[in-house]
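Note sheet for the following structure.
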Amino acid sequence: MAPARCCVPGERLCSLEDCAPGYGTYCKHGYVFSALSGYVVKKSDNGMMPVISVVRDTDSHLLPDVGATVTCKVMSINPRFAKVQIMYIGATVLKNTFRGTIRKEDIRATEKDKVEVYKSFRPGDVVVAKVISLGDAQSNYLLTTAENELGVVVAHSEAGATMVPISWCEMQCPKTHIKEPRKVARVQPEFLNVTT
């Protein structure tokens with residue numbers, strides 16, 4: 001099975017005499033046409049007539065959708081919001097990152113008026129968040145961390161060590177034992193590597 005070339009919907013791929021139609025194709029007037037945009041794949045089994053199909057590169061078309069859980073890196077913060085780069089949707093690595101914003105009011109579910117962005121995130125933190133809106137004209141996705149399972153999952157101290165969560169609102173450097181405020185995510189059991 002070797003990808004031959006890219007194609008677009010309606011493109012004539014071959015004659016019905018040469019190949020049998022497969023996934024993502026249709027027949028018309030003795031020819032096989034592409035029904036999808038994607039890659040043309042010819043596959044033959046045991047000397048039988050080859051089957052021609054059109055497959056998509058699904059990872060490149062993956063976009064964050066409302067309600068999707070995403071993993072992102074904090075790029076910058078200010079008193080009103082944190083700017084992030086979305087790197088994963090669920091467990092799927094994105095080929096291209098997307099910009100996102102976590103507003104001050106979307107950081108926690110309770111005591112929203114007391115939230116301070118710099119006490120929740122710092123540049124370089126890795127955060128698990130949920131998409132709440134497709135955003136504005138600058139194509140930023142609006143994200144929230146207002147659930148226990150959402151928030152900072154990886155943070156580094158000024159000493160360069162990976163910090164350890166000690167409560168829902170603090171992480172501690174294992175080298176210097178200095179505590180720093182963060183909106184810490186509760187680690188979900190399915191992500192723990194527990195061997196019994």
Side-chain angles (χ1 to χ4, degrees), residues 57-196:
D57 184 9
T58 55
D59 290 345
S60 67
H61 301 294
L62 197 58
L63 296 171
D65 200 7
V66 174
T69 301
V70 297
T71 305
C72 43
K73 184 175 186 177
V74 178
M75 303 310 286
S76 65
I77 60 171
N78 68 38
R80 295 180 296 130
F81 54 80
K83 290 281 188 189
V84 299
Q85 255 187 343
I86 300 171
M87 302 179 301
Y88 291 80
I89 299 175
T92 306
V93 180
L94 297 173
K95 290 183 179 178
N96 300 315
T97 59
F98 296 96
R99 293 181 299 184
T101 301
I102 304 172
R103 299 177 301 187
K104 179 180 171 179
E105 58 269 23
D106 296 324
I107 292 174
R108 283 202 322 236
T110 59
E111 299 179 331
K112 292 182 179 188
D113 54 330
K114 295 181 182 177
V115 173
E116 294 181 62
V117 177
Y118 78 95
K119 288 187 177 179
S120 302
F121 310 115
R122 302 278 169 88
D125 288 357
V126 176
V127 175
V128 174
K130 195 171 276 188
V131 178
I132 55 172
S133 170
L134 299 183
D136 52 18
Q138 287 85 26
S139 71
N140 282 346
Y141 287 89
L142 293 180
L143 310 174
T144 182
T145 57
E147 293 177 20
N148 291 338
E149 293 78 22
L150 305 176
V152 177
V153 289
V154 178
H156 293 89
S157 67
E158 289 183 15
T162 302
M163 300 199 339
V164 179
I166 55 174
S167 75
W168 65 272
C169 62
E170 277 187 320
M171 293 183 113
Q172 185 174 28
C173 175
K175 286 183 180 177
T176 62
H177 301 290
I178 294 174
K179 297 176 185 176
E180 292 184 17
R182 294 289 198 285
K183 196 299 183 182
V184 180
R186 182 175 70 200
V187 179
Q188 300 167 36
E190 60 264 27
F191 297 120
L192 293 175
N193 293 328
V194 179
T195 54
T196 55

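Numbering starts at 1 and runs along the sequence shown. Below, all heavy atoms of this structure are taken into account, side chains as well, without hydrogens, waters or symmetry copies.
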Practice item. Determine whether P79 and V117 make a side-chain contact, defined as any pair of heavy atoms from C-beta on separated by less than 4.5 Å. Key: no
Review point. Which heavy atom of F121 sits nearest a heavy atom of I102, and at what distance?
Key: CE1-CG2, 4.0 Å
Point to revise | Heavy atoms from other residues, nucleotides or ligands near NZ of K73 exceed 12 (cutoff 6.0 Å) | key: no
Revision key, fill the gap. So CD of Q85 and CZ of F98: to nearest 0.5 Å the spacing works out to 11.0 Å
Check your understanding: Who pairs with K130 by salt bridge (charged side-chain N to carboxylate O under 4.0 Å, His left out), at least two apart in sequence or on another chain?
Key -> E147
**Study point:** salt bridge (charged side-chain N to carboxylate O under 4.0 Å, His left out) partners of E105, counting only residues at least two apart
**Key:** R103
Point to revise | E180 CD to Q172 CD distance, which is reported to the nearest 0.5 Å | key: 10.5 Å
Revision key, fill the gap. Tightest non-hydrogen contact, residues S120 and V115, listed as OG-CG1, 4.1 Å
Practice item. Report yes if some heavy atom in the side chain of M171 is under 4.5 Å from a heavy atom in the side chain of V184; otherwise report no. Key: yes
Check your understanding: Between S157 and I178, is any pair of side-chain heavy atoms under 4.5 Å apart?
Key -> no
Point to revise | Side-chain heavy-atom pair R122, P181 within 4.5 angstrom cut-off | key: yes
Side-chain donor/acceptor pairs under 3.5 Å, residues 64-71, sequence neighbours excluded:
none

Practice item. Without swapping roles, check the side chain of K183 against the backbone of A146 for a donor-acceptor pair under 3.5 Å. Key: no
Point to revise | Note, V127 side chain near T145 side chain (heavy atom, < 4.5 Å) | key: yes
Exercise for review: Identify, with sequence neighbours excluded, every residue that meets salt bridge (charged side-chain N to carboxylate O under 4.0 Å, His left out) alongside E158.
Suggested key: none
Practice item. Please identify each residue that fulfils side chain to side chain contact (heavy atoms under 4.5 Å, CB included) with A185, with sequence neighbours left out. Key: V153
Exercise for review: Please identify each residue that fulfils side chain to side chain donor-acceptor pair (under 3.5 Å) with T176, with sequence neighbours left out.
Suggested key: none
Exercise for review: Report yes if the side chains of K83 and T101 come closer than 4.5 Å at any heavy-atom pair, otherwise no.
Suggested key: yes
